[in-house]
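One structure below.
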Amino acid sequence: MKKINSIDDYTKRIKRVLVTEEEIKQAIAKAGKEIDAMYDGRPILLVSILKGAFVFLADICRAVSVPCEVAFMCAKSYYDGTVSSGNVKITMDLNQDITNYHVVIVEDIVDTGRTLKDIVALLKTRNPLSLKVVTLLDKPSRRVVDFHADMALFTIPDHFVIGYGLDYNEYFRNLPYIAEYCEE
Ligand code: IMP
Ligand code: MG
């Protein structure tokens, strides 16, 4: 993995925009309405998986009108560059009891599916009232375990993507759109 050491190098790694800021905005407004309809006034707990989903959580929580709390978990699967380690580690857990909550996991991307499969299995053992998964992006062609999100805003081909929370080596999370990363 090459280190980024100039603004030129940084810009060159943004290959092309896959999902625009406007497309994200519209999809989130629609998803917010679907979540409202699904829970019909019942309070929900939005659980964001850090770090990648922090931008999506910030927008989706403002697109729902049902009473909502937010919480964070931290899971690591990509330790280095663009290759999955195939090994999911929960580095920060929830600090609350979820037995009386309708939990909605908010994720940036489902790739191999391992992270969410593990997190869903873990949270189910804690007996929430219900548990659903909303992901911004879905890369179904990369799946190695059987996992389906309840809601996926965009299905994308097998490219490594950056922006809107997603990183390459911790960079690019602040891009307002989703772009394909340029491997050199
Ligand atoms: P999974 O366990 O393979 O489904 O993916 C877990 C995590 O890997 C995701 O939540 C992302 O944080 C990260 N990831 C997967 N694909 C990409 C990508 O294309 N760009 C950036 N991060 C990714
Ligand atoms: Mg993630």
Side-chain angles (χ1 to χ4, degrees), residues 1-4 9-21 23-24 27-28 31 46-61 70-94 103-125 131-184:
M1 182 180 45
K2 281 197 201 139
K3 224 175 130 61
I4 293 172
D9 183 20
Y10 181 81
T11 319
K12 267 196 291 189
R13 294 184 193 219
I14 305 168
K15 192 169 179 183
R16 67 189 169 106
V17 177
L18 282 183
V19 190
T20 66
E21 198 174 350
E23 286 169 329
I24 296 173
I28 289 180
L46 296 175
V47 175
S48 168
I49 313 297
L50 295 173
K51 296 178 190 174
F54 82 104
V55 180
F56 183 37
L57 187 267
D59 283 342
I60 197 94
C61 75
V70 299
F72 301 91
M73 279 178 92
C74 194
K76 268 209 152 110
S77 58
Y78 275 78
Y79 295 108
D80 197 34
T82 62
V83 182
S84 172
S85 63
N87 162 351
V88 179
K89 226 173 112 184
I90 292 173
T91 55
M92 187 185 87
D93 203 344
L94 296 172
V103 173
V104 182
I105 298 175
V106 175
E107 178 62 309
D108 51 356
I109 187 165
V110 186
D111 185 35
T112 64
R114 287 185 178 116
T115 307
L116 282 181
K117 196 171 176 148
D118 281 11
I119 289 178
V120 164
L122 174 71
L123 295 190
K124 273 190 177 157
T125 65
L131 181 61
K132 286 198 190 291
V133 174
V134 176
T135 184
L136 177 72
L137 304 172
D138 191 8
K139 265 200 250 180
S141 60
R142 292 256 312 159
R143 213 68 100 244
V144 301
V145 295
D146 183 28
F147 179 82
H148 300 275
D150 298 283
M151 198 189 289
L153 277 56
F154 299 96
T155 299
I156 60 164
D158 181 12
H159 298 308
F160 193 81
V161 293
I162 49 174
Y164 199 77
L166 292 118
D167 73 307
Y168 172 81
N169 197 20
E170 295 301 326
Y171 284 110
F172 305 106
R173 293 192 195 276
N174 58 320
L175 297 179
Y177 48 80
I178 305 286
E180 185 181 339
Y181 176 75
C182 183
E183 290 273 13
E184 280 155 295

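Just so you know, ligand 1 is whichever comes first in the structure, and atom 1 is the first atom listed for that ligand. Every value quoted in this text rests on a predicted model; they were computed, and no experiment measured them. Only this structure's heavy atoms are used, side chains among them; waters, hydrogens and symmetry mates stay out.
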Out of Arg142, Lys139, Arg173, Glu180, the nearest non-hydrogen contact to atom 16 (N) of ligand 1 is supplied by Lys139
Under 3.5 Å between some N or O of ligand 1 and some N or O of Val161?
yes
Heavy-atom proximity to atom 17 (C) of ligand 1, best of Phe147, Tyr168, Phe160:
Phe160
Please work out, at 4.0 Å between heavy atoms, whether the side chain, the backbone, both, or neither of Leu166 comes within that distance of ligand 1.
side chain
Taking only residues two or more places apart in sequence or in another chain, which ones pass side chain to side chain donor-acceptor pair (under 3.5 Å) with Asp118?
none
Using a 4.0 Å cutoff against the non-hydrogen atoms of Glu107, which atoms of ligand 1 qualify?
10 (O)
Listed by chain and number, what are the ring pair (Phe, Tyr, Trp, His ring centres under 6.0 Å) partners of Tyr10, not counting sequence neighbours?
Phe172
Ligand-side contact atoms (ligand 1) for residue partner Thr112, heavy atom cut-off under 4.0 Å
1 (P), 2 (O), 3 (O), 4 (O)
Hey, does the side chain of Arg173 reach the backbone of Tyr164 with a donor-acceptor pair shorter than 3.5 angstrom?
no
I'd like the name of whichever of Leu136, Val145, Thr115 reaches closest to atom 2 (O) of ligand 1 through any heavy atom.
Thr115
Between ligand 1 and His159, can you find any atom pair, the residue atom being a heavy atom, that is separated by under 4.0 Å?
yes
So for ligand 1, is Gly113 a polar contact partner (N or O within less than 3.5 Å, distance only)?
yes
When you measure from the side chain of Asp150 to the backbone N and O of Val133, does any donor-acceptor pair fall under 3.5 Å?
yes
side-chain contact (heavy atoms from CB on, under 4.5 Å) evaluation trace for Val110 with Arg143
CA-CA 8 Å; Val110 186; Arg143 213 68 100 244; 3.6 Å; yes
What pair of heavy atoms forms the shortest contact from Ile119 to Ile105, and how long is it?
CG2-CD1, 3.9 Å
To the nearest 0.5 Å, what is the distance between CG on Asp93 and CE on Met73?
4.5 Å
Would you say Asp167 contacts ligand 1, with heavy atoms under 4.0 Å as the rule?
yes
